[in-house]
Enquirer: 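So that we are looking at the same thing, I have put the structure below in structure tokens.
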Amino acid sequence: TRLFTDLVRDSLTEDTYNAALADLSYAVYSNMLGIHVSISGYDDKQHVLLELILQRMRDLEIKEERLAVMKDKVRQLFCTIDYLLNLRLG
């Protein structure tokens with residue numbers, strides 16, 4: 001789910017630029033309980049942003065080059081976590 005939420009956020013970057021300018025923000029992330037979506041800001045338009053996010057999650061088209069980039073980022077994150085755990089336990 002981590003890779004999926006990274007791809008969703010990546011795909012929303014351009015589409016949510018104007019929302020960010022209008023003080024609307026969002027978060028899409030995963031944890032042990034599943035996928036979480038949160039929205040904050042001007043509430044008259046929150047429903048529009050939420051609809052965009054949910055539609056993107058449902059209809060996400062994964063581009064090979066972006067998938068490769070996101071896989072690499074997740075791999076680097078896990079390597080860093082492993083390294084830090086070994087330092088702490090070592």
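Residue numbers run from 1 in the order of the sequence given.
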Enquirer: In this structure, are over 12 heavy atoms from other groups packed under 6.0 Å from Glu61 atom CD?
Expert: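 Open: at most 12 neighbouring heavy atoms sit under 6.0 Å from CD of Glu61.
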Enquirer: Can you name the closest pair of heavy atoms from Ser11 and Arg56 and give their distance?
Expert: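 Scanning both residues, the minimum pair turns out to be O-NH1, 2.6 Å.
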Enquirer: Is there a continuous path of hydrophobic side-chain contacts, each under 4.5 Å between heavy atoms, that joins Leu3 to Phe78?
Expert: yes
Enquirer: Go through the structure and list residues passing side chain to side chain donor-acceptor pair (under 3.5 Å) with Glu51, not counting sequence neighbours.
Expert: Gln55
Enquirer: Could you tell me if the side chain of Asp6 sits less than 4.5 Å from the side chain of Lys73, heavy atoms only?
Expert: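 SC-SC contact between Lys73 and Asp6 ruled out.
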Enquirer: Looking only at heavy atoms, what is the nearest atom pair of Asp10 and Thr13, with distance?
Expert: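 What the structure gives for the nearest pair is O-OG1, 3.1 Å.
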Enquirer: Any chance you could measure Leu77, atom CG, to Asp72, atom CG, to the nearest 0.5 Å?
Expert: 11.5 Å
Enquirer: Is Tyr29 reachable from Phe4 through a run of hydrophobic residues whose side-chain heavy atoms are each under 4.5 Å from the next?
Expert: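 Result: no, two separate clusters.
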Enquirer: Do you know the tightest heavy-atom contact between Val37 and Met57?
Expert: CG2-SD, 3.9 Å
Enquirer: If hydrophobic clusters are built by linking Ile, Leu, Val, Met, Phe, Trp and Tyr wherever their side-chain heavy atoms come under 4.5 Å apart, do Ile35 and Ile62 end up in the same one?
Expert: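 Yes, Ile35 connects to Ile62 through the hydrophobic network.
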Enquirer: Would you say Ile81 ends up clustered with Val74 if hydrophobic residues are merged whenever their side chains have heavy atoms under 4.5 Å apart, either directly or through other cluster members?
Expert: yes
Enquirer: From Met32 CE over to Thr1 OG1, what is the distance, rounded to the nearest 0.5 angstrom?
Expert: 11.0 Å
Enquirer: Transitively linked via ILVMFWY side-chain contacts under 4.5 Å: Leu50 with Val48?
Expert: no
Enquirer: State, with a plain yes or no, whether a side-chain heavy atom of Leu67 is found less than 4.5 Å away from one of Lys71.
Expert: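 Contact flag for Leu67/Lys71 side chains = yes.
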Enquirer: Do the side chain of Arg9 and the main chain of Ala27 share a donor and acceptor less than 3.5 angstrom apart?
Expert: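 It does not hold such a pair.
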Enquirer: Can Leu49 and Gln46 be said to form a side chain to side chain contact (heavy atoms under 4.5 Å, CB included), step by step?
Expert: CA-CA 5 Å; Leu49 181 57; Gln46 284 183 359; 5.7 Å; no
Enquirer: Could you tell me whether the side chain of Tyr26 reaches within less than 4.5 Å of the side chain of Ile39, counting heavy atoms only?
Expert: yes
Enquirer: Within the 4.5 Å heavy-atom criterion, are Lys63 and Leu7 side-chain neighbours or not?
Expert: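 Lys63 vs Leu7: side chains apart.
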Enquirer: Let me confirm one number: the OG-CG distance from Ser40 to Leu24, rounded to the nearest 0.5 Å.
Expert: 7.5 Å
Enquirer: Any heavy-atom pair between the side chains of Asn31 and His36 that's under 4.5 Å?
Expert: yes
